[in-house]
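Structure record follows, encoded as structure tokens.
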Amino acid sequence: MEIISEKGISGAVKYMLDVLIVVGAAIVISLPFSLKWCFEMITWTAGENYWFLLGFLFVTGTFGVVMVFELRQIFRRINEHKPFQRQNATNLKRIAALALLISAAYIIKMIFFISFLTIIVAIAFLVFGLAGLVFSELFKQAVEVKEENDLTI
């Protein structure tokens with residue numbers, strides 16, 4: 001089985017990202033209704049209020065959907081056998097910035113409604129964002145080496 005092609009693993013991942021974008025967007029759009037349903041149907045013991053959670057989940061959910069879209073763009077170029085493009089480094093930098101913003105949002109949430117899961121998610125997105133910055137710089141350097149190599153040949 002091929003790994004990098006539209007019919008390989010990278011193509012399957014791109015397809016999963018397509019589905020995730022649609023599902024994620026639907027969830028974000030349905031938040032006013034689904035969150036209200038959760039508040040009415042489930043005993044809420046965390047003390048979090050509807051309007052705070054609605055805004056928080058809308059912002060972080062939107063950032064998450066945009067992150068998936070940026071990742072999809074990278075996989076599209078990989079499937080076209082163009083992995084070392086400047087745009088991929090830019091996409092990785094955007095993903096990292098969004099992850100850091102999500103981490104900041106969870107840190108702010110900890111001020112108002114602290115929970116063990118909130119701390120874990122904040123740290124995870126912080127690490128993910130910092131790693132994304134490293135990988136974006138790595139991709140940028142790889143593009144520069146590739147461009148120099150292309151000019152030499």
Side-chain angles (χ1 to χ4, degrees), residues 3-80 82-143:
I3 293 177
I4 298 178
S5 76
E6 196 66 42
K7 294 181 181 174
I9 294 173
S10 65
V13 171
K14 184 187 151 293
Y15 174 75
M16 286 187 264
L17 292 171
D18 290 340
V19 171
L20 197 54
I21 289 170
V22 172
V23 171
I27 289 170
V28 169
I29 290 168
S30 74
L31 272 174
F33 312 107
S34 59
L35 190 59
K36 191 160 223 44
W37 179 82
C38 285
F39 267 78
E40 291 170 358
M41 299 304 285
I42 300 170
T43 304
W44 211 258
T45 58
E48 297 176 24
N49 70 49
Y50 172 80
W51 293 107
F52 177 83
L53 264 184
L54 180 63
F56 175 78
L57 292 174
F58 184 79
V59 168
T60 57
T62 301
F63 288 167
V65 171
V66 174
M67 284 174 66
V68 173
F69 177 78
E70 294 289 337
L71 187 59
R72 181 201 175 279
Q73 297 298 91
I74 293 170
F75 272 89
R76 182 180 54 81
R77 282 187 215 88
I78 288 171
N79 289 337
E80 294 171 353
K82 300 175 184 176
F84 297 111
Q85 302 287 317
R86 282 200 189 279
Q87 192 59 41
N88 283 346
T90 302
N91 291 121
L92 282 170
K93 189 174 268 187
R94 286 184 193 140
I95 289 169
L98 289 164
L100 292 172
L101 286 171
I102 290 172
S103 177
Y106 273 88
I107 290 169
I108 291 169
K109 182 182 181 284
M110 282 191 293
I111 295 168
F112 299 104
F113 305 105
I114 192 163
S115 72
F116 188 65
L117 184 60
T118 302
I119 295 168
I120 291 171
V121 172
I123 292 170
F125 273 100
L126 178 65
V127 171
F128 184 70
L130 295 174
L133 288 175
V134 171
F135 283 117
S136 81
E137 186 61 29
L138 184 67
F139 254 77
K140 184 179 163 193
Q141 289 177 11
V143 168

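Sequence positions, counted from 1, serve as the residue numbers for this chain. Here the structure is a predicted model, which means the values were calculated and not measured.
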Check: Which heavy atom of Phe135 sits nearest a heavy atom of Leu92, and at what distance?
Finding: O-CD1, 3.9 Å
Check: What distance separates Leu133 CG from Ile95 CD1, expressed to the nearest 0.5 Å?
Finding: 11.0 Å
Checklist line | Those residues that, when tested against Phe128, pass ring-ring contact (aromatic ring centres under 6.0 Å, His included) (two or more places apart) | finding: none
Notebook entry, point to check: Among all residues two or more places apart in sequence or in another chain, which pass the side-chain hydrogen bond (donor to acceptor under 3.5 Å, both in side chains) test with Asn91?
Noted result: Glu70, Arg77
Note to self: Test of understanding: with side-chain hydrogen bond (donor to acceptor under 3.5 Å, both in side chains), list the residues that count as partners of Gln141, not counting sequence neighbours.
What the structure shows: none
Note to self: The criterion is ring-ring contact (aromatic ring centres under 6.0 Å, His included); which residues satisfy it with Phe63, sequence neighbours excluded?
What the structure shows: none
Checklist line | Closest heavy-atom pair and its distance - Gly132, Ala96 | finding: C-CB, 3.6 Å
Note to self: So, using ring-ring contact (aromatic ring centres under 6.0 Å, His included) as the criterion, who are the partners of Tyr106 when residues are at least two apart?
What the structure shows: Phe56
Item checked: Rounded distance (nearest 0.5 Å) linking atom CG of Leu35 with atom CD of Glu40 -> 10.0 Å
Checklist line | Closest approach of Lys82 to Asn88 (non-hydrogen atoms, all atoms of both residues) | finding: O-ND2, 3.7 Å
Note to self: Once rounded to the nearest 0.5 Å, what's the spacing between atom CZ of Phe113 and atom CD1 of Ile108?
What the structure shows: 13.5 Å
Item checked: Atom of Phe112, atom of Phe52 and distance for their closest heavy-atom approach -> CD1-CE1, 3.9 Å
Next item on the list: Using the test side chain to side chain contact (heavy atoms under 4.5 Å, CB included), find all partners of Ile111 that sit at least two apart in sequence or belong to another chain.
Entry: none
Check: Between atom CD of Gln73 and atom CD of Gln85, what is the distance when rounded to the nearest 0.5 Å?
Finding: 12.5 Å
Margin query: Does any part of the side chain of Thr60, heavy atoms only, come nearer than 4.5 Å to the side chain of Lys109, both counted from C-beta?
Written below: no
Next item on the list: Only counting residues at least two apart or in another chain, list the ones meeting salt bridge (Lys or Arg N to Asp or Glu O under 4.0 Å) with Glu137.
Entry: none
Next item on the list: Please list, chain by chain and in numerical order, all residues satisfying side chain to side chain contact (heavy atoms under 4.5 Å, CB included) with Ala89, sequence neighbours excluded.
Entry: Phe139, Lys140
Side-chain donor-acceptor contacts of residues 9-23 below 3.5 Å, not counting sequence neighbours, with atom names and distances?
residue	atom	partner	partner atom	Å
Ser10	OG	Ile3	O	3.3
Ser10	OG	Ser5	N	3.1
Ser10	OG	Ser5	O	3.3
Ser10	OG	Asn79	OD1	2.4
Lys14	NZ	Asp18	OD2	3.4
Asp18	OD1	Arg72	NE	2.4

Please set out all donor-acceptor pairs under 3.5 angstrom arising from side-chain atoms of residues 25-33, sequence neighbours excluded.
residue	atom	partner	partner atom	Å
Ser30	OG	Ala26	O	3.2
Ser30	OG	Ile27	O	3.0

Margin query: Once ring-ring contact (aromatic ring centres under 6.0 Å, His included) is applied, do any residues pair with Phe69, and if so which ones, sequence neighbours excluded?
Written below: none
Item checked: Qualifying residues under side chain to side chain contact (heavy atoms under 4.5 Å, CB included), relative to Ile107, sequence neighbours excluded -> Ser103, Met110, Ala122
Next item on the list: Supply the atom-to-atom distance Thr62 OG1 to Leu57 CG, rounded to the nearest 0.5 angstrom.
Entry: 10.0 Å
